[in-house]
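Here the structure is laid out as structure tokens; the discussion comes afterwards.
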Amino acid sequence: MRLALALLMALAASPAHAQLNLDFNRIVDTVKNAGKAFKDIDQPEEIQIGHDMAARLLGAAPLVPDAKLQQYLNKVGVWLAAQTERPDLPWRFGVMDAPQLNAFAVPGGTIFVTRGLVARMKSEAELAGVLAHEIAHVLRKHHLKAIQKGAQTALAGEALSTAVQSQNSAAREKLISFGTEMYTRGLDKSDELEADRLGVVIAARAGYDAYGLPGVLQTLQAMNAEDSGLALMFKTHPAPAERLDALGEKMQPTLDRYARQPPLAERFVRETKLVK
Ligand SMILES: [Zn+2]
């Protein structure tokens with residue numbers, strides 16, 4: 001029942017020209033043997049790890065106390081997630097009350113975007129582009145893979161399976177700390193560029209102007225790189241110019257083909273006016 005309601009809300013938020021049959025596996029590299037690498041972290045464990053990491057991140061910066069804004073973000077986010085191969089994850093989206101410009105994806109489907117970044121966006125298509133980039137990290141398990149790769153050192157000999165399965169254990173605590181620290185170190189550049197490509201496709205599939213994410217990257221590029229609000233974003237992501245070049249190289253003519261879809265600027269301005 002709750003799921004049906006969420007879907008209904010998501011559909012109500014969708015742009016008019018939704019339901020495109022855009023096959024992203026044709027455009028974005030398909031990950032082979034992904035299942036093999038994850039045999040010791042199943043989906044309920046992925047969701048639980050993400051839940052603990054989200055709680056830790058929210059301890060650092062709480063959500064903006066505006067239920068209508070958070071509802072709007074969730075409508076857009078759930079609609080985007082519904083276009084992907086993991087629509088059944090417990091997707092949740094939140095605007096964090098932080099002036100910096102950033103967005104985070106936590107394993108299992110929790111996604112945060114900062115108030116500072118939302119305030120710089122010009123349309124719902126731009127918001128969708130950023131959320132879809134983060135959704136792509138979850139779909140491809142980029143953070144989960146990085147945790148799994150780095151966990152052996154962090155756990156100093158303790159088995160990953162113990163850390164994943166035994167809640168409230170010291171090993172579990174180390175795993176979650178390691179996972180949370182990842183947001184200050186960043187992912188591999190190839191993961192970021194893949195999330196850009198997949199994000200553009202998800203947003204286009206959901207009916208948005210495909211230039212939403214490139215629009216945000218252009219805004220970041222035009223800002224002063226010394227701006228303290230950009231420090232973490234610039235440290236953890238490739239430079240905006242490089243991301244734009246990579247998108248142009250791999251995503252044409254797809255970008256232009258889906259550029260005429262609605263950006264929904266007015267609705268975005270109306271729904272987010274409190275963060276500005
Ligand atoms: Zn990213």
Side-chain angles (χ1 to χ4, degrees), residues 24 27-29 31 34 46 49-50 53-54 57 60-61 73 76-77 80-81 84 86 89 91-96 98 100-118 120-121 125-150 179-204 208 210-221 223 225 229-251:
F24 50 65
I27 300 163
V28 181
D29 333 322
V31 176
E46 176 188 1
I49 290 172
M53 284 169 55
L57 289 170
L73 187 79
V76 175
L80 289 163
T84 73
R86 304 186 78 189
L89 282 176
W91 294 97
R92 270 177 303 228
F93 301 82
V95 183
M96 267 183 172
Q100 295 85 5
L101 285 74
N102 218 338
F104 314 87
V106 174
T110 300
I111 286 165
F112 299 117
V113 56
T114 60
R115 173 169 56 76
L117 186 54
V118 174
R120 294 279 181 159
M121 294 173 180
E126 291 196 354
L127 174 65
V130 168
L131 295 181
H133 168 102
E134 299 304 330
I135 287 171
H137 282 315
V138 176
L139 297 178
R140 293 292 149 95
K141 301 183 178 173
H142 288 155
H143 293 93
L144 203 62
K145 272 194 259 177
I147 290 175
Q148 199 164 26
K149 218 164 95 184
T180 314
E181 278 163 29
M182 217 164 45
Y183 296 93
T184 60
R185 289 192 305 267
L187 294 164
D188 289 346
K189 191 201 274 189
S190 59
D191 288 348
E192 291 301 343
L193 298 181
E194 184 185 37
D196 281 346
R197 298 196 296 278
L198 187 48
V200 163
V201 174
I202 293 167
Y208 291 102
Y211 276 93
L213 181 62
V216 175
L217 294 175
Q218 274 163 352
T219 301
L220 296 177
Q221 191 184 15
M223 286 178 71
L230 289 173
L232 188 58
M233 161 84 89
F234 279 17
K235 185 183 161 205
T236 55
H237 287 77
E242 186 181 352
R243 295 172 68 184
L244 283 164
D245 282 352
L247 270 178
E249 209 175 278
K250 298 251 180 157
M251 296 298 294

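Numbers here simply count residues along the sequence, with the first being 1. We count ligands from 1, going down the list as the structure has it; atoms in each ligand are counted the same way. It should be emphasised that the depicted structure is a prediction, and the values quoted were computed from it without experimental measurement.
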Practice problem: Provide the atom name of the closest N, O or S atom of His137 relative to the Zn ion (ligand 1). | Solution: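 Per the distance ranking, His137 contributes NE2 as its closest N/O/S atom to the Zn ion (ligand 1).
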Exercise. Of all N, O or S atoms in Glu192, identify the one at the shortest distance from the Zn ion (ligand 1).
Key: OE1
Quiz prompt | Partner of Phe93 under side-chain contact (heavy atoms from CB on, under 4.5 Å), chosen from Ile135, Thr110, Leu127 | solution =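 The single option meeting the side-chain contact (heavy atoms from CB on, under 4.5 Å) with Phe93 is Ile135.
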Quiz item: What's the shortest heavy-atom distance between Arg197 and Lys250, and which atoms?
Solution: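 It is CD-CB, 3.6 Å.
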Exercise. Hey, can you tell me if His143 and Tyr183 have their rings parallel, tilted or perpendicular (30° and 60° cut-offs)?
Key: parallel
Exercise. Kindly confirm whether the Zn ion (ligand 1) is within less than 2.8 Å of some N/O/S atom in His133?
Key: yes
Exercise. Please determine if the Zn ion (ligand 1) has an N/O/S atom from Asp191 lying under 2.8 Å away.
Key: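 Short answer: no, not a single N, O or S atom is under the cut-off.
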Quiz prompt | Donor on one side chain, acceptor on other, Glu192 and His137, under 3.5 Å | solution = yes
